[in-house]
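Contents: one structure, followed by commentary.
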Amino acid sequence: MNGSPIDDDEPPEHRRYAQYLRALGSVAETDEADLLAAVLRDEDQSMAEAAVNQHLERRAAEQLTGPGFPAWAAMTATVVGDRAFLVRRLREWTLLRSLALDGPWTEEELLTASDWFQRTVTTSPLVTSPAAFGLLAERGRTRRVRNAASRRG
């Protein structure tokens, strides 16, 4: 017997997802683009995008304010291509970086961003922008965001 009965019942895409996360968790920076592209070629696109998003979240958080973020974000954008969710999440991490470093942003970017992004802005210790908190306190997408922004502003 190759595995326990529980393992035999696990769908193959679940095993691949776990394998992808392990591989992405230890990939060398020089091999990251190739591995991301390989994962995104998986036949189960939902699972593949979920694995890449998990990696994107971890890597973006690790290097958000570091000097390597712009190059990493550009590489990642090239690899994810036109996959709408991944493009949006990468754009929001880039906007979060701009807020954290007191860089440029627009009201429209902040107000049209996802609920996830607006909640992240209100809870991240890296973001200290009174203007962003004021805007979200007044016009955030949810009551939760508006309340949290009010407390930070």
Side-chain angles (χ1 to χ4, degrees), residues 1-101 103-127 132 136 139-149 152:
M1 196 186 272
N2 289 345
S4 71
I6 293 172
D7 289 341
D8 291 341
D9 290 341
E10 184 177 30
E13 64 273 12
H14 291 194
R15 287 192 297 274
R16 290 196 315 275
Y17 178 80
Q19 290 170 342
Y20 290 150
L21 290 183
R22 280 192 299 277
L24 289 165
S26 61
V27 68
E29 196 173 307
T30 55
D31 299 326
E32 187 175 7
D34 290 339
L35 182 54
L36 288 170
V39 171
L40 289 171
R41 285 191 298 272
D42 192 280
E43 64 190 35
D44 186 331
Q45 281 299 289
S46 295
M47 178 276 299
E49 288 186 24
V52 169
N53 182 59
Q54 189 77 358
H55 175 72
L56 187 154
E57 300 281 331
R58 182 182 57 78
R59 290 281 285 145
E62 286 174 356
Q63 57 185 346
L64 185 65
T65 59
F69 183 91
W72 172 82
M75 175 277 297
T76 303
T78 299
V79 174
V80 302
D82 63 354
R83 291 171 177 87
F85 179 79
L86 296 173
V87 168
R88 179 176 187 154
R89 191 50 57 95
L90 185 58
R91 184 175 14 126
E92 289 180 338
W93 275 104
T94 302
L95 180 56
L96 186 63
R97 173 184 167 83
S98 192
L99 284 165
L101 297 176
W105 55 274
T106 66
E107 284 188 9
E108 181 182 5
E109 287 175 306
L110 199 55
L111 295 176
T112 60
S114 69
D115 292 350
W116 169 86
F117 177 80
Q118 289 188 1
R119 282 191 312 272
T120 301
V121 167
T122 64
T123 59
S124 174
L126 297 173
V127 177
L136 289 175
R139 298 171 47 201
R141 292 169 60 116
T142 66
R143 182 174 34 228
R144 179 179 175 186
V145 165
R146 291 188 300 274
N147 288 340
R152 296 274 318 264

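Quick note: numbers below take in every heavy atom, side chains included, and nothing from hydrogens, waters or symmetry partners.
- With hydrogens and angles disregarded, no donor-acceptor distance shorter than 3.5 Å links the side chain of Ser124 to the backbone of Val121.
- Using a 4.5 Å heavy-atom threshold, the side chains of Leu101 and Thr65 count as touching.
- The shortest side-chain heavy-atom distance between Thr94 and Phe69 falls under the 4.5 Å cut-off.
- Val39 and Ala51 get closest at one heavy-atom pair: CG1-CB, 4.2 Å.
- Under the rule for a ring-ring contact (aromatic ring centres under 6.0 Å, His included), Phe117 has no partner lying at least two apart in sequence or in another chain.
- Using a 4.5 Å cut-off on side-chain heavy atoms (C-beta onward), Met75 and Trp72 make contact.
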Evaluate the criterion side chain to side chain contact (heavy atoms under 4.5 Å, CB included) for residue pair Asp115 and Val145; output intermediate values, then yes/no. CA-CA 8 Å; Asp115 292 350; Val145 165; 5.9 Å; no
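- Of all heavy-atom pairs spanning Arg88 and Thr112, the tightest one is NH2-O, 3.0 Å.
- Other residues, nucleotides and ligands place no more than 12 heavy atoms under 6.0 Å from the CZ atom of Arg144.
- In summary, Glu57 and Arg89 engage in a salt bridge, as defined by a charged side-chain N under 4.0 Å from a carboxylate O.
- Taken to the nearest 0.5 Å, the CG atom of Leu96 stands 6.5 Å off from the CH2 atom of Trp116.
- Here the side chains of Leu40 and Glu49 are in contact, with some heavy-atom distance below 4.5 Å.
- At a threshold of 4.5 Å between non-hydrogen side-chain atoms, the residues Ser46 and Glu13 do not count as touching.
- Considering every non-hydrogen atom in both Ala132 and Leu99, the closest pair reads CB-CD2, 3.9 Å.
- Separation of atoms OG1 (Thr120) and CD (Glu92) is listed at 8.5 Å; rounding is to 0.5 Å.
- Residues Val79 and Val52 are not in side-chain contact: their nearest non-hydrogen atoms beyond the backbone lie 4.5 Å or more apart.
- At least one donor-acceptor pair under 3.5 Å links the side chain of Arg141 to the backbone N or O of Ala113.
- Contact record, Asp42 with Arg16: OD2-NE, 2.7 Å, taken as the closest heavy-atom pair.
- Summarising the geometry, atom CG belonging to Leu90 is positioned 13.0 Å from atom CZ belonging to Arg83; distances are rounded to the nearest 0.5 Å.
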Decide yes or no on side chain to side chain contact (heavy atoms under 4.5 Å, CB included) for Leu36 and Val80, but give the supporting numbers first. CA-CA 8 Å; Leu36 288 170; Val80 302; over 6 Å; no
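- Residue Arg58 holds its CZ atom at 7.5 Å from CG of Leu24, rounded to the nearest 0.5 Å.
- Atom OG1 in Thr122 sits 10.0 Å away from atom CG in Asn147 (nearest 0.5 Å).
- For Arg152 (side chain) and Val127 (main-chain N/O), a donor-acceptor pair under 3.5 Å exists by modelled atom type.
- Rounding to the nearest 0.5 Å places CH2 of Trp93 at 8.0 Å from CG of Leu56.
- Closest approach of Thr106 to Glu109, counting heavy atoms only: N-OE1, 2.8 Å.
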